[in-house]
Amino acid sequence: MQMTNEHNVAQRAKYYHALMTNHMLTAGEDYQNLKETYVIFLCPFNPLAIEQQRAVGHYRMISEEGDYLNDGTHTLILNASGD
């Protein structure tokens, strides 16, 4: 649970994903063998830089054309103070 808003949820999520994937492969192993990773933040505040008080945010990597790039990382932000 993230108790205070330090304005670094995106950077923390990136770091946590990196920690989880760091040792998934051995040298020369195919990248297709990487497993999906999930980072979940439960916050009593709205960590997103938007005014809307959504209860859940899910980041995805999207191409310029709008296609979802399946990189296997999932970041969910649960805003306990949201609607």
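Just the heavy atoms: all of them, side chains too, but no hydrogens, waters or symmetry mates, feed the values below. If you read the sequence from its start, that first residue is 1, and numbering goes on from there.
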Listed partners of Asn22 passing side chain to side chain donor-acceptor pair (under 3.5 Å), at least two apart: none

Verify same cluster id: Leu34, Leu19 (apolar side-chain graph, 4.5 Å): no

Any residue meeting side chain to side chain contact (heavy atoms under 4.5 Å, CB included) with Asn70, in chain and number order, not counting sequence neighbours: Tyr68

Test side chain to side chain contact (heavy atoms under 4.5 Å, CB included) applied to Val39 and His74, Arg12, Met20, the passing residue: Met20

Listed partners of Glu65 passing side chain to side chain donor-acceptor pair (under 3.5 Å), at least two apart: Ser63

Where Lys35 and Met24 come nearest, the two heavy atoms and their spacing: N-SD, 3.4 Å

Transitive ILVMFWY cluster of Ile62, excluding itself - 4.5 Å side-chain cut-off: none

Nearest-0.5 Å distance that lies between atom CG in Asn8 and atom OH in Tyr15: 12.5 Å

Heavy-atom pair with the smallest gap, counting every atom of Ile77 and Cys43: CG2-SG, 4.4 Å

Set of side chain to side chain donor-acceptor pair (under 3.5 Å) partners for Tyr38, sequence neighbours left out: Glu36

Qualifying residues under side chain to side chain contact (heavy atoms under 4.5 Å, CB included), relative to Ile40, sequence neighbours excluded: Leu76, Leu78

Minimum heavy-atom distance Leu25-Asn33, with the two atoms named: CD2-CB, 3.8 Å

Residue pair His17, Thr75: steps toward the side-chain hydrogen bond (donor to acceptor under 3.5 Å, both in side chains) verdict: CA-CA 9 Å; His17 282 293; Thr75 302; 2.9 Å; yes

